[in-house]
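Right, one structure below, let's go through it.
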Amino acid sequence: MKKRYIFGSLAIMGLAALTLAACGSKTSSSGTGKNIKATITFVNQKTDMHSNGMWKKYIAEFNKEYPNITIKEQALNNYDQTEQTRMSSKNFGDVVAIPAAVAPKDYPNFFSSLGKTKDLEKKYTSLQDRTYKGEQYGLPSEVNANGFVVNWNVFKKAGIDKWPTTTDQFIQDLKTIKAKLPDVTPLYTNYACGWALVDWDFQRSSVAGDPNFDLALAKTDKPFTEGQPMYTIYNTLYTAAKDGLINHDPTTDDWNTSVSQMAKNKVAVMMLATWAVPQVQSQMSSNKDAINVEPFPQNAPDGKTYMLVGGDYNWGVNKNSKNQEAAKDWVNWLVDKSDFAKDNGGMTAMKNQPYPTDLNDAKKNGVVFFEAGSTPADKADLFSNINNGSQVGIGTTQTVKQQIIDSGVGSSKKSFASIMDGLNTAWSQNVKQYNPDKK
């Protein structure tokens, strides 16, 4: 199982910006030395790395450098819900993957600062997911580009050799695939596992072409109205469901099945990110380069196509841990020296890193990449307050996306229009409550 969440406003950056040379100064939190003796518990979402022994391999590599630090690794199913429940006590692990729904204002209540964000930015990219009032509470486990994972073997077999640039073309391509390749699922939703549906929300800034779109949302009374980015994204999902272009009986679908089916050329696209590519490729015997990541098929108002690049889960240190320095040593090693990002199809958060080859097609087509930027300190909680207060769950929960699919396939009496109206009402009420500029 694998998922990641991205928050905060965004700043446009070209490919060159992610390949700036790293500063030579020591900006990350460091331990007290390699002779420190401690035992720490590491809690994470990567159950596959637990079962296949990869975490044991990583820990063995770490212990070559830090022989006296013992790592007790725990991988949890249904990670966010389980770990959030554990966070009701102080004993929720020394190092953890910070759950998605933790609001910025709560970072200091649960996690230790890893240093000043302005200092760490000299060495790392994509830090804005877990910064609050100038302090950094997490480091990205990896950096991903977000979009549709595409099997070009399927598209080309259906006679399609170019990625669509509009949502209408996208839906038509899915219809063509269904008509010409009836044994292929055009769009696999991963409805049942839930977390994959959240990835649809990560297209919002790309569709808007706005590096500060979350702040714009916090000022918008009705963002789920036709013509608005959120409506465009959700309507695309709804239309695919309504037109029978998704997997049969999505409520019983399965993540592992989706990966194996795409590897067997039985699935055309899934809304995910670069991290998913090697999972599909690992089950393919040939034509592995056919698995690419493409942008959401909708140009922004300026006519350009954008793709979001940002941090996956961030590693954080429990502020109640009795082994702070050892915990920070493990975090720093994971980000700076381990192959975690590479092994999981992403880029390390360290600067001066190349993009993965599965983005070559997007680069060739002139896609502009977004990267998380800074949010004004006085507005650090604004978007999360509105999002959580309204229970819309943009980027945090799958509920709305599941409702949209239910409406599309006819298993719910709610119409798409009524769902959008409900979201607008809830959002507007919370904009008025939390945004002083709207009062």
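Residue numbers start at 1 and run along the sequence shown.
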Under 6.0 Å between the ring centres of Phe62 and Trp330? yes

Looking at every heavy atom in both Glu135 and Gly115, which two are closest together, and how far apart are they? OE1-O, 3.6 Å

Would you check if there is a donor-acceptor pair between the side chains of Tyr58 and Asp343 at a distance under 3.5 Å? yes

Hey, does Ser205 have a side-chain heavy atom less than 4.5 Å from the side chain of Asp210? no

Any side-chain heavy atom of Pro295 sitting closer than 4.5 Å to one from Trp163? yes

Only pairs at least two apart or in different chains count here, so list each side chain to side chain donor-acceptor pair (under 3.5 Å) that has a residue in residues 173-194. Asp183-Lys266, Thr189-Asn247, Thr189-Asp253, Asn190-Ser258, Tyr191-Asp406

Check step by step if salt bridge (charged side-chain N to carboxylate O under 4.0 Å, His left out) holds for Lys337 and Glu65. CA-CA 11 Å; Lys337 298 181 179 182; Glu65 190 170 348; 2.6 Å; yes

Can you label the angle between the Trp427 ring and the Phe383 ring as parallel, tilted or perpendicular, going by 30° and 60°? tilted

Crowded around Gln391 CD? As in, over 12 foreign heavy atoms under 6.0 Å? no

Do the non-hydrogen side-chain atoms of Ile171 and Leu245 ever get within less than 4.5 Å of each other? yes

Phe296/Phe170 aromatic ring centres below 6.0 Å: no

According to salt bridge (Lys or Arg N to Asp or Glu O under 4.0 Å), who are the partners of Asp94, at least two apart in sequence or on a separate chain? none

Under a 4.0 Å N-O cut-off, is there an ion pair linking Glu121 with Lys118? no

What do you reckon, is CG of Asp289 surrounded by more than 12 foreign heavy atoms closer than 6.0 Å? no

Check the side chains of Asn388 and Ser390 for a donor-acceptor pair under 3.5 angstrom, ignoring hydrogens and angles. no

Please report the shortest heavy-atom distance between Thr274 and Gly346, naming the atom on each side. OG1-CA, 4.4 Å

In sequence, state the C-alpha distance, the side-chain angles, and the governing distance for Asp214 and Arg204, and then conclude on salt bridge (charged side-chain N to carboxylate O under 4.0 Å, His left out). CA-CA 9 Å; Asp214 282 357; Arg204 60 190 186 271; 2.8 Å; yes

